[in-house]
Amino acid sequence: MHNNVPLRTACLLIAPALLVAACATTPPPGAPGLTHAATHAVTVTVPTIQRPQEESAQWWFRDGAAQAAERGAMGGQAKNVILFVGDGMSLPTVAAARILDGQRKGGAGEDNRLSWEHFPATALSRTYNTDMQTPDSAGTMSAMATGVKTRAGVISIGQSADYGDCKGALDAPMITLWQLAAGSGMATGVVTTTRVTHATPAATFSHSANRGWESDSAMPAEALAAGCVDIARQLIESPYGNGPDVLMGGGRTNFMPSTQSDPEYPEESGRRVDGRDLIASWKQRRPDGSYVWNAEQFAAAPTHKPLLGLFEPSHMQYEHDRPGDPAGEPSLSEMTAAAITRLSRNPNGFVLLVEGGRIDHAHHEGNAYRALTDTIAMAEAVEVADRLTSADDTLILVTADHAHTLSFVGYPARGNPILDKVREDKNGKRVLARDARDMPYTTLSYANGPGYTGASDTQPAGPKNFPHNTKDYQPAGGRPDLSLVDTMAPDYMQEALVPATAESHGGDDVGIWARGPGSAAVRGSVEQNAIFHFMLQSTPYLRAAVCAAGACNDDGVPVTLPVQDRFKASADG
């Protein structure tokens with residue numbers, strides 16, 4: 001190598017297939033600190049525009065690149081990247097889950113730490129969509145997957161396309177980190193507890209004007225006629241490499257023809273009306289891979305081959321309910337371990353998404369117990385990933401896509417059970433706290449949702465039990481007396497101030513926690529799309545592939561939207 005060419009720059013110029021061997025002489029830093037990040041800070045100029053009117057996909061991409069580069073992400077030497085997304089995991093959710101986990105372990109709870117709270121780097125993520133103050137999961141995960149903020153309800157397309165506009169979506173697809181990785185020879189994986197076609201996992205390998213277009217039967221005829229393809233089909237037929245090497249979660253019916261019965265629930269059938277059996281298509285594309293739909297098959301699958309696991313017709317079970325599943329389902333920790341074991345065999349490294357997706361669903365259903373226990377399950381999965389990988393070569397990021405309206409209220413005494421009623425210390429005794437009407441109340445509550453205490457068409461006035469599905473509420477005649485109510489029961493639903501069929505998202509910032517190469521750049525308050533750039537800039541192999549496609553500036557920073565065709569497999573394979 002020429003003495004006048006800096007090693008980092010030279011590495012960026014090497015073809016991706018040769019990058020690892022060529023740059024192996026530079027050992028990656030074990031846990032780079034703030035000083036290390038500062039020495040790798042790169043300034044990227046961003047045009048001043050009138051916002052929000054002049055925002056565009058290219059502007060968002062460059063602005064996100066600038067945020068990551070100025071914090072030193074270019075100094076990262078990660079071989080692998082794992083993004084954990086706790087769907088709906090607001091900061092109050094993290095705090096409450098931390099306490100519940102600690103109390104389950106026999107402690108007071110407040111001084112406990114969830115696995116990612118041991119990570120050295122933290123930041124705040126601003127989650128708004130380009131058209132919504134309070135965002136949805138489709139737009140937020142699209143920002144993390146593509147480096148471009150976009151509208152609510154759309155999957156990995158630019159904001160120029162309206163929600164539901166098929167033609168606009170076809171004109172504005174944004175290539176994702178997973179597609180870049182698969183198209184560059186890295187291994188890729190997607191693990192979730194939701195349907196794999198749900199908003200967050202869908203954003204890794206698909207593009208859609210409507211997050212609901214999970215199968216062809218969910219799409220309008222005009223969208224199909226215009227050439228739009230459903231999310232399930234895009235996941236299986238991805239032109240980027242072979243698509244995901246590992247894909248696990250729920251949502252079997254979106255891959256099965258309507259003439260086919262579900263293997264676990266024979267009374268249910270597939271949802272596809274185009275006659276395609278996408279599971280069979282995956283097997284044909286991956287003849288050495290394993291398709292599994294229950295715990296026994298999952299445990300028996302070869303650990304060195306591709307894996308497709310679809311464990312439910314729709315979403316997987318909540319962690320609390322998982323032991324009762326008739327066919328058995330792997331835990332999020334088990335799926336995470338299975339993914340890492342397989343993906344880590346690729347010498348070029350891997351990019352993996354792990355979503356604790358049902359945290360969000362439990363919040364929507366007004367049930368803090370299941371939201372917190374699913375958060376703890378995700379913390380256990382992060383612990384597994386931390387143990388199975390090295391901070392020397394694997395960047396792990398933990399974040400949420402958006403917040404929820406869960407509130408942490410009152411003045412409970414230290415160690416008070418987090419799901420219980422508020423108890424205060426008074427004159428050496430622990431007594432129930434009382435509201436202005438002399439009624440006890442819980443530490444956790446929701447600003448809105450199905451836990452509203454007025455009578456409904458399915459449950460009487462007073463505390464509600466999970467699940468509570470209704471659209472018909474009567475005005476509440478004051479708060480119920482909770483003195484004799486077991487508010488720590490798994491099916492107890494926290495009180496909600498405003499009646500709603502489903503509790504809503506929150507617009508507040510969420511946390512980012514990180515460890516590994518490039519993690520020191522994760523600090524301050526950043527736009528959510530900067531998370532993509534933290535991951536890309538910290539991974540030299542992938543960054544070199546993007547630069548080779550002409551998307552980098554003179555400093556080697558990817559600042560231009562990559563051209564998709566450069567990363568797609570040729571027609572003849």
Does [X] use its side chain to pair, donor to acceptor, with the backbone of [Y] at less than 3.5 Å?
{"X": "Ser519", "Y": "Gly516", "result": "yes"}
{"X": "Arg71", "Y": "Gln67", "result": "yes"}
{"X": "Thr394", "Y": "Ala391", "result": "no"}
{"X": "Asn448", "Y": "Val498", "result": "no"}
{"X": "Asn346", "Y": "Phe350", "result": "no"}
{"X": "Thr442", "Y": "Leu444", "result": "yes"}
{"X": "Gln103", "Y": "Asn416", "result": "yes"}
{"X": "Asn294", "Y": "Gln297", "result": "yes"}
{"X": "Ser407", "Y": "Val409", "result": "no"}
{"X": "Lys464", "Y": "Pro450", "result": "no"}

(request) Determine whether more than 12 heavy atoms belonging to other residues, nucleotides or ligands lie under 6.0 Å from atom CD of Glu383. (result) no
(message) A quick test of your reading: do over 12 heavy atoms of other residues, nucleotides or ligands sit less than 6.0 Å from CZ of Arg113?
(response) no
(request) Take Phe119 and Ile396 through the test side-chain contact (heavy atoms from CB on, under 4.5 Å) and record every step on the way to the result. (result) CA-CA 9 Å; Phe119 289 179; Ile396 298 178; 3.8 Å; yes
Between [Y] and [X], do the side chains contain a donor N or O and an acceptor N or O under 3.5 Å apart?
{"X": "Asp491", "Y": "Asn465", "answer": "no"}
{"X": "Ser137", "Y": "Thr140", "answer": "no"}
{"X": "Arg151", "Y": "Thr130", "answer": "no"}
{"X": "Ser331", "Y": "Arg322", "answer": "no"}
{"X": "His468", "Y": "Asn367", "answer": "no"}
{"X": "Tyr369", "Y": "Gln494", "answer": "no"}

If I compare all heavy atoms of [X] with all of [Y], which pair ends up nearest, and what's the gap?
{"X": "Ser156", "Y": "Thr176", "answer": "OG-CG2, 3.7 Å"}
{"X": "Arg211", "Y": "Asp136", "answer": "NH1-OD2, 3.0 Å"}
{"X": "Asn129", "Y": "Ala152", "answer": "OD1-CB, 3.2 Å"}
{"X": "Gln179", "Y": "Thr204", "answer": "CG-O, 3.8 Å"}
{"X": "Val190", "Y": "Pro201", "answer": "CG1-CB, 3.6 Å"}
{"X": "Gln537", "Y": "Met74", "answer": "OE1-CG, 3.6 Å"}

If you define the side chain from C-beta out and look only at heavy atoms, does anything of [X] sit under 4.5 Å from [Y]?
{"X": "Thr200", "Y": "Thr194", "answer": "no"}
{"X": "Val398", "Y": "Leu83", "answer": "no"}
{"X": "Leu395", "Y": "Thr539", "answer": "no"}
{"X": "Met89", "Y": "Thr375", "answer": "yes"}
{"X": "Met493", "Y": "Pro463", "answer": "no"}
{"X": "Trp178", "Y": "Pro244", "answer": "no"}
{"X": "Tyr291", "Y": "Leu307", "answer": "no"}
{"X": "Thr193", "Y": "Glu355", "answer": "no"}

(request) Any chance you could lay out the side-chain hydrogen bond (donor to acceptor under 3.5 Å, both in side chains) test for Ser90 and Thr93, step after step, and finish with the verdict? (result) CA-CA 5 Å; Ser90 61; Thr93 303; 2.7 Å; yes
Atom pair [atom1] ([X]) and [atom2] ([Y]), whose distance is rounded to the nearest 0.5 Å:
{"X": "Glu495", "Y": "Leu482", "atom1": "CD", "atom2": "CG", "result": "5.0 Å"}
{"X": "Lys426", "Y": "Leu432", "atom1": "NZ", "atom2": "CG", "result": "10.5 Å"}
{"X": "Met141", "Y": "His198", "atom1": "CE", "atom2": "NE2", "result": "13.5 Å"}
{"X": "Glu110", "Y": "Ile99", "atom1": "CD", "atom2": "CD1", "result": "5.0 Å"}
{"X": "Ser142", "Y": "Asp401", "atom1": "OG", "atom2": "CG", "result": "10.5 Å"}
{"X": "Phe205", "Y": "Leu353", "atom1": "CZ", "atom2": "CG", "result": "10.5 Å"}

(request) Step by step, work out the salt bridge (charged side-chain N to carboxylate O under 4.0 Å, His left out) result for Arg515 and Asp386. (result) CA-CA 9 Å; Arg515 71 87 151 142; Asp386 188 37; 2.9 Å; yes
(request) May I ask you to check whether Phe61 and Phe532 place their ring centres under 6.0 Å from each other? (result) yes
Inspect the contact between [Y] and [X] and indicate whether a charged nitrogen and a carboxylate oxygen are less than 4.0 angstrom apart.
{"X": "Asp374", "Y": "Arg358", "value": "no"}
{"X": "Arg342", "Y": "Asp245", "value": "no"}
{"X": "Arg98", "Y": "Glu117", "value": "yes"}

(message) Against His505, only a single residue in Asp360, Thr405, Thr127 fulfils side-chain hydrogen bond (donor to acceptor under 3.5 Å, both in side chains); can you say which?
(response) Asp360
(request) For Met248 and Leu308, run side-chain contact (heavy atoms from CB on, under 4.5 Å): C-alpha distance rounded to whole Å, both residues' side-chain angles, the deciding distance at 0.1 Å, then the answer. (result) CA-CA 6 Å; Met248 284 188 284; Leu308 172 63; over 6 Å; no
(message) Would you call the rings of Phe311 and Phe298 parallel, tilted or perpendicular, taking 30° and 60° as the class edges?
(response) perpendicular
(message) Before you tell me yes or no, could you show the steps for Glu264 and Arg252 under salt bridge (charged side-chain N to carboxylate O under 4.0 Å, His left out), namely the whole-Å CA-CA distance, both residues' side-chain angles and the distance that decides it to 0.1 Å?
(response) CA-CA 10 Å; Glu264 186 176 3; Arg252 277 193 302 264; 3.2 Å; yes
(message) For Tyr541, does the six-membered ring have the charged nitrogen or CZ of Lys79 within the cation-pi criterion, i.e. under 6.0 angstrom from the centroid and within 45° of the normal?
(response) no
(message) Would Lys105 and Asp101 count as a salt bridge (charged side-chain N to carboxylate O under 4.0 Å, His left out) here? Give the steps.
(response) CA-CA 6 Å; Lys105 294 173 180 175; Asp101 180 57; 3.0 Å; yes
(request) Report the residue from His364, His363, His404 that forms a ring-ring contact (aromatic ring centres under 6.0 Å, His included) with Tyr446. (result) His363
(request) Go through the steps to decide whether Leu177 and Leu536 satisfy the test side-chain contact (heavy atoms from CB on, under 4.5 Å), and finish with yes or no. (result) CA-CA 7 Å; Leu177 192 77; Leu536 175 59; 4.0 Å; yes
(message) Using the rule side-chain contact (heavy atoms from CB on, under 4.5 Å), only one of His402, Gln528, Lys149, Gln133 pairs with Tyr128; which is it?
(response) Lys149
